[in-house]
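For reference, the structure discussed in these notes is given below.
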Amino acid sequence: MADSTDFVRQAIAEDVAAGRFGGRVQTRFPPEPNGYLHIGHVKAICINFEIAKEHGAVCNLRFDDTNPTKESVEYANAIEHDIRWLGYDWPKTLYASDYFEALHGFAIKLIKAGKAFVDHSSAEEISRLRGRERGGEDSPYRNRSVEENLALFEKMCAGELAEGECVLRAKIDMRHPNPNLRDPTLYRIMKATHHRTGDRWKVYPMYDWAHGQSDSLEGVTHSLCSLEFEDHRPLYNWFCEQLEIETPRQIEFARLNMTHCLMSKRHLLRLVEGGHVKGWDDPRMPTVAGLRRRGYPAEALRDFVKRVGVAKYNSTVDHRLLEFVVREVLNRTATRRLGVLDPLKLVVTNYPEGEEESFEAQDMPGVDGTGTRQVPFARELWIDRDCFAEDPPKGWKRLAPGWEVRLRYACLVTCTDVVKDASGKVTEVHCTWDPESRGGATADNRKVKGTIHWVSAKHALDAEVRLYDHLFPESPDEGEGDVLERLNPNSLTVVTAKVEPSLAAAEAGTRLQLERVGYFAVDPDSAPGKLVLNRTVTLKDGYKPGKPPAPPKGQGKQKQKPKPKPAKPAAPTGPAAELAFEQFAALDLRVARVKTAEPVEGADRLLKIGLELADGEQRTVVSGIRAYYSPEALVGRQVVYLANLKPRKLRGVLSQGMILAANGPEGEAILLEPERALPDGAKVT
RNA sequence: UGCCCGGUGGUGUAAUUGGUAACACAGAAGUUUUUGGUACUUCCAUUUCUGGUUCGAGUCCAGGCCGGGUAACCA
């Protein structure tokens with residue numbers, strides 16, 4: 001998997017190999033500072049920064065700040081912070097507004113070349129004249145003289161004309177099949193204060209007019225963007241060509257979609273403004289700020305993007321892939337602690353009242369050289385309510401009346417009694433402990449039903465724990481009406497948990513695992529004496545309550561198998577498969593003798609087989625029959641060998657042709673053998 | 001509707017550019033385990049359809065079907 005790359009990387013590698021752009025590579029991430037970054041942006045960020053890194057090249061952050069009415073420094077600062085948090089850095093923050101002067105010069109150049117004009121048509125009129133499916137019509141102002149256009153444009157720039165009075169347009173082709181080339185607008189009059197250039201400009205460039213030239217001016221070689229800009233590429237190229245500046249190569253890829261997620265700025269804004277979440281950094285939000293607060297490590301986000309890949313197909317990634325990468329990072333980085341979310345009192349009846357001791361617990365069990373801590377133990381403990389069952393189902397591996405379980409890191413306890421309230425709800429579980437089992441193991445090494453987590457009632461800390469669920473169903477866009485009607489009303493549950501005292505001084509941002517429960521991050525709302533945890537993600541749960549523990553195997557719906565495969569040739573699905581009889585003549589089939597056979601490293605289905613055809617030369621063939629034939633059973637045997645195949649590499653081994661085999665009734669491969677006794681090297685017909 | 005772009009398992013990406021459909025996630029089964037976690041093993045695909053070219057097609061050609069983008073004085 002390491003040796004295949006996506007189409008963007010391939011295209012760039014080809015350009016480098018061809019010496020295009022002088023063999024240079026430079027990318028950029030060009031957000032508009034009008035909102036917060038979300039997981040979809042993370043994809044674009046990683047692609048641009050990682051590709052640059054792979055080529056030892058620069059990737060700049062450049063703000064596409066061409067519309068002062070929508071943009072602000074607050075957004076810009078948040079964006080910079082998020083990208084740095086993701087682990088990327090860049091030499092200098094750039095702005096499209098840095099190029100306003102240059103763009104102005106470019107416009108004059110275009111006007112002088114007769115390729116731009118000032119249009120006094122209204123927005124509606126321009127839209128109408130642009131036409132729909134068929135081509136449009138020329139604007140009545142299209143044939144103004146260069147001098148008049150120049151004068152008018154200077155008036156626009158000087159603020160002498162009113163907003164909306166006119167625009168500067170390129171003069172391309174109103175009948176062009178691509179509507180983007182039907183005299184696109186370059187500048188509109190906007191008397192707004194820009195967050196960087198102040199009141200210097202009364203006109204602001206449109207995206208198309210600013211983007212390509214900005215790329216070109218700062219030396220970008222590959223302008224990577226999302227699919228919806230595909231139709232803009234001809235315009236991007238046209239501008240650079242007309243202005244006689246280097247034309248960077250724009251390559252488009254699909255943006256990220258994820259199940260249970262709404263990614264558009266508009267919807268995210270509605271969630272915030274409608275009070276459906278607590279803010280842009282609400283841990284349920286797919287924003288970088290939200291994911292960070294939730295406890296998702298930056299490393300996991302980067303890995304996620306790597307695993308998602310880059311393509312042009314409009315896909316939707318399963319949210320569970322994100323959870324997987326988060327768990328993977330957290331599993332090896334988050335220290336373990338004990339805590340219960342739904343406390344149920346457990347009394348160790350044979351433990352002396354008022355006494356206490358402590359047990360050593362590992363911070364990273366299974367990892368040598370990591371720390372330990374002491375966890376206090378006493379007569380009264382808290383366990384999680386779902387670790388006890390009065391009437392345990394089959395396969396239950398936790399506590400139940402009469403059962404013995406291990407308290408993690410502590411000892412073995414046996415349930416002797418249950419206390420209930422008037423409604424029948426269990427309020428206390430009584431156990432006895434085995435003092436010989438201190439540390440969790442006994443001399444007789446007896447097996448117990450399972451291991452559960454606990455915390456000493458007297459020593460436990462209260463913690464506010466926020467449990468999160470998806471904001472939306474799997475496919476929020478499917479269904480009638482407003483998507484907000486599909487908001488999950490239970491996306492946030494707050495509980496008061498009991499956690500071990502070592503968490504008292506945990507700092508905001510700390511990530512930990514509550515053993516057997518999940519991964520958590522200390523929320524910035526925490527204060528001394530007030531611990532607030534966000535559940536980042538649950539542990540993968542192998543326990544399926546609904547499932548019978550020992551499913552009657554064999555039949556059932558899972559294997560709608562016994563569909564007999566047609567006995568078509570297996571291993572070489574190519575040439576020998578279903579050939580007309582006479583076509584056999586074209587195949588160079590030979591009898592060959594196996595001289596050597598050995599497994600191919602790193603491929604558990606492949607064998608590397610050395611063949612001899614009596615011509616003194618040895619041929620090597622790689623065949624996927626390892627599951628059915630041992631190397632020993634093959635050596636010395638005659639096989640049918642297809643000699644006139646183009647050699648190809650399999651797992652790093654050059655395979656010269658293939659050995660013929662057929663599918664057996666179970667789908668296994670059966671090697672074909674010459675029917676009659678033939679000498680090695682003989683042609684099979 | 002015009003133009004543009006796509007279509008490989010439940011999901012996402014591969015396939016040395018025409019030569020065993022691979023990797024990961026999810027799901028299922030099992031082994032190990034002081035976390036029902038981790039680790040490990042196994043299973044899970046008529047490559048959208050129909051024709052064509054070819055010894056050989058996921059890959060090339062033609063047509064169909066389906067999906068997405070776009071038609072701003074937004075980016």
Side-chain angles (χ1 to χ4, degrees), chain A residues 1-6 30-32 34 64 66-67 69-70 122-123 126-127 130-135 163-164 166-167 169 176-180 182 185 187-190 204 206-208 210-211 227-232 252 254 259 307-318 320-321 323-325 327 331-332 336 365-366 395 397-398 406-410 439-441 448 450-453 513 515-517 539-544 551 553 558-559 570-577 579 583-588 605-606 622-625 642 644-650 655 658:
Chain A
M1 69 187 265
D3 50 357
S4 74
T5 59
D6 55 79
E32 182 185 16
N34 71 340
D64 235 333
T66 57
N67 188 344
T69 62
K70 296 187 175 176
S122 66
I126 288 176
S127 173
R130 215 192 289 282
R132 291 279 154 178
E133 38 278 0
R134 290 182 300 284
E163 283 190 22
C166 59
V167 294
R169 296 176 73 183
H176 195 102
N178 180 346
N180 288 124
R182 314 227 261 244
T185 301
Y187 278 102
R188 74 284 214 191
I189 300 168
M190 265 179 147
Y204 289 93
M206 301 290 291
Y207 164 85
D208 285 308
H211 201 87
L227 250 29
E228 66 266 35
F229 294 102
E230 239 165 351
D231 292 340
H232 293 244
E252 312 85 12
T259 56
R307 287 165 182 271
V308 162
V310 187
K312 297 191 76 161
Y313 178 64
N314 247 296
S315 57
T316 301
V317 175
D318 192 330
R320 290 175 297 186
L321 178 62
E323 296 194 337
F324 169 82
V325 295
R327 285 193 189 102
N331 178 50
R332 47 170 221 269
R336 312 291 137 115
K397 293 172 71 174
R398 306 171 195 178
R406 176 167 30 243
L407 298 179
R408 179 75 164 156
Y409 301 122
V448 292
T451 300
I452 64 171
H453 52 108
Q513 182 194 107
E515 288 202 52
R516 307 210 324 121
V517 178
L539 250 32
K540 189 176 172 191
D541 193 359
Y543 176 56
K544 308 275 190 309
K553 50 205 285 184
Q558 51 213 61
K559 295 234 162 139
T573 43
L579 265 191
Q583 290 179 297
F584 256 89
L587 305 179
D588 187 11
R605 286 163 57 171
L606 298 184
V622 176
S623 184
I625 55 171
L642 176 50
N644 59 344
L645 272 187
K646 183 175 152 193
R648 55 190 299 249
K649 237 182 191 175
L650 295 169
S655 182
M658 55 172 63

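Letters A, B, ... mirror the listed sequences (proteins, then strands); counts begin at 1. Quick caveat, the model's predicted, so the values are computed rather than measured.
- Between the side chain of Arg406(A) and the backbone N or O of Val448(A) there is no donor-acceptor pair closer than 3.5 Å.
- Within the nucleic acid shown, Lys397(A) comes within 4.0 Å of at least one base atom, counting heavy atoms only.
- For Arg182(A) and rA72(B), the CZ to P distance is 10 Å, given to the nearest whole Å.
- Contact annotation for Glu163(A): no contact, since no heavy-atom pair falls under 4.0 Å across all strands.
- Whole-Å rounding puts the Met190(A) CE to rA72(B) C1' distance at 11 Å.
- The residue Gly366(A) sits apart from the nucleic acid: no heavy atom pair falls under 4.0 Å.
- Here Leu321(A) lies in heavy-atom contact (under 4.0 Å) with sugar-phosphate atoms only.
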Legend entry - Protein-to-nucleotide contact annotation, 5' to 3' order, nucleotides 65-70 of chain B [B base; S sugar-phosphate only; - none; under 4.0 Å, heavy atom]: ---SBS

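- If you measure from atom CG of Asn331(A) to atom P of rC25(B), you get 13 Å, rounded to the nearest angstrom.
- Phosphate proximity of rU11(B) to Thr316(A): absent, as no side-chain N or O sits under 4.0 Å from OP1 or OP2.
- Looking at RNA chain B, the stems built from 3 or more consecutive Watson-Crick or G-U wobble pairs, each pair with its key distances under 3.5 Å, are B:1-7 with B:65-71, B:10-13 with B:22-25, B:27-31 with B:39-43, B:48-52 with B:60-64.
- If you take NZ of Lys540(A) and C1' of rA24(B), they are 13 Å apart, rounded to a whole angstrom.
- Look at CG on Asp318(A): it is 15 Å from P on rG9(B), rounded to the nearest Å.
- Among the atoms of the strands shown, only primed sugar atoms or phosphate atoms (P, OP1, OP2) are found under 4.0 Å from some heavy atom of Val310(A).
- Out of rC73(B), rC25(B), rG6(B), the shortest distance to the side chain of Tyr313(A) is found at rG6(B).
- Separating the C1' atom of rC43(B) from that of rC55(B) is a span of 34 Å, rounded to the nearest Å.
- Of the candidate nucleotides rU35(B), rC74(B), rC73(B), rU35(B) has the atom nearest to the side chain of Gln513(A).
- In this structure, Glu32(A) reaches the sugar-phosphate backbone alone: every heavy-atom distance under 4.0 Å involves primed, P, OP1 or OP2 atoms, never a base.
- Nearest-nucleotide mapping onto RNA chain B: of Ala441(A) and Asp64(A), the residue sitting toward the 5' end is Ala441(A).
- Along RNA chain B, the nucleotide closest to Val317(A) and the one closest to Gly440(A) are compared, and the more 5′ of them pairs with Val317(A).
- Taking 4.5 Å as the limit, every side-chain heavy atom of His211(A) sits out of range of all side-chain heavy atoms of Thr66(A).
- Side-chain contact between Arg307(A) and Val317(A) is absent, with no heavy-atom pair separated by less than 4.5 Å.
- Comparing rU33(B) with rA39(B), their C1' atoms sit 9 Å apart, to the nearest whole Å.
- When atom types are taken as modelled, the side chain of Arg188(A) and the backbone of Val167(A) share no donor-acceptor pair closer than 3.5 angstrom.
- One finds the CD1 atom of Ile126(A) at 5.0 Å from the OG1 atom of Thr185(A) (value rounded to the nearest 0.5 Å).
- Under the 90° criterion around 0 for the glycosidic angle, rU17(B) counts as syn.
- Taking the charged nitrogens against the carboxylate oxygens, Lys70(A) and Glu32(A) have no contact shorter than 4.0 Å, which rules out a salt bridge.
- Straight-line distance between the P atoms of rC61(B) and rU54(B): roughly 16 Å, to the nearest whole Å.
- Close to rA75(B), at under 4.0 Å from its OP1 or OP2, lies a side-chain N or O of Arg188(A).
- With rounding to whole Å, Tyr409(A) atom OH is found 17 Å from rU33(B) atom P.
- Closest of all the heavy-atom pairs between Glu252(A) and Glu230(A) is OE1-CG, 3.3 Å.
- The P atoms of rA15(B) and rG52(B) are separated by 29 Å, rounded to the nearest whole Å.
- Note on Arg408(A): every side-chain N or O is 4.0 Å or more away from OP1 and OP2 of rG37(B).
- rU13(B) and rU53(B): their C1' atoms are spaced 30 Å apart (whole Å).
- Ala311(A) comes within contact range of the sugar-phosphate backbone alone, with a heavy-atom separation under 4.0 Å but no base atom that close.
- Scanning both residues, Arg336(A) and Pro365(A), for their nearest heavy atoms gives CG-CD, 3.4 Å.
- In terms of heavy atoms, His176(A) sits closest to Asn178(A) at CD2-N, 2.9 Å.
- Rounded to whole Å, the separation between the P atoms of rC4(B) and rU17(B) comes to 30 Å.
- In this structure, Arg398(A) places its CZ atom 13 Å from P of rU35(B), rounding to the nearest Å.
- Here the separation of rU48(B) from rC25(B), taken at their C1' atoms, is 24 Å to the nearest Å.
- In this structure, Arg336(A) atom CZ and rU38(B) atom C1' are separated by 8 Å, rounded to whole Å.
- Minimum interatomic distance between Arg182(A) and Arg169(A) (heavy atoms only, all atoms of both residues): O-NH2, 3.5 Å.
- Among the protein residues, Arg307(A) comes within range of the sugar-phosphate backbone only, with heavy atoms under 4.0 Å from sugar or phosphate atoms but none that close to a base.
- When all heavy atoms of Met206(A) and Tyr187(A) are compared, the closest pair comes out as CG-N, 4.3 Å.
- Here the separation of rU47(B) from rA21(B), taken at their P atoms, is 10 Å to the nearest Å.
- Nucleic acid contact class of Val308(A) (heavy atoms, under 4.0 Å, all strands): sugar-phosphate only.
- At least one side-chain nitrogen or oxygen of Ser315(A) sits closer than 4.0 Å to the OP1 or OP2 atom of rU13(B).
- Listed by chain and residue number, Tyr207(A), His232(A) satisfy the ring pair (Phe, Tyr, Trp, His ring centres under 6.0 Å) test with Phe229(A) (two or more places apart in sequence, or in another chain).
- The shortest distance between the side-chain N/O atoms of Ser127(A) and the OP1/OP2 oxygens of rA72(B) is below 4.0 Å.
- With distances taken from any side-chain atom of Thr451(A) to the nucleotides rC73(B), rU13(B), rU35(B), the minimum falls on rU35(B).
- Residues Lys540(A) and Arg327(A) approach most closely at N-NE, 3.5 Å, considering heavy atoms.
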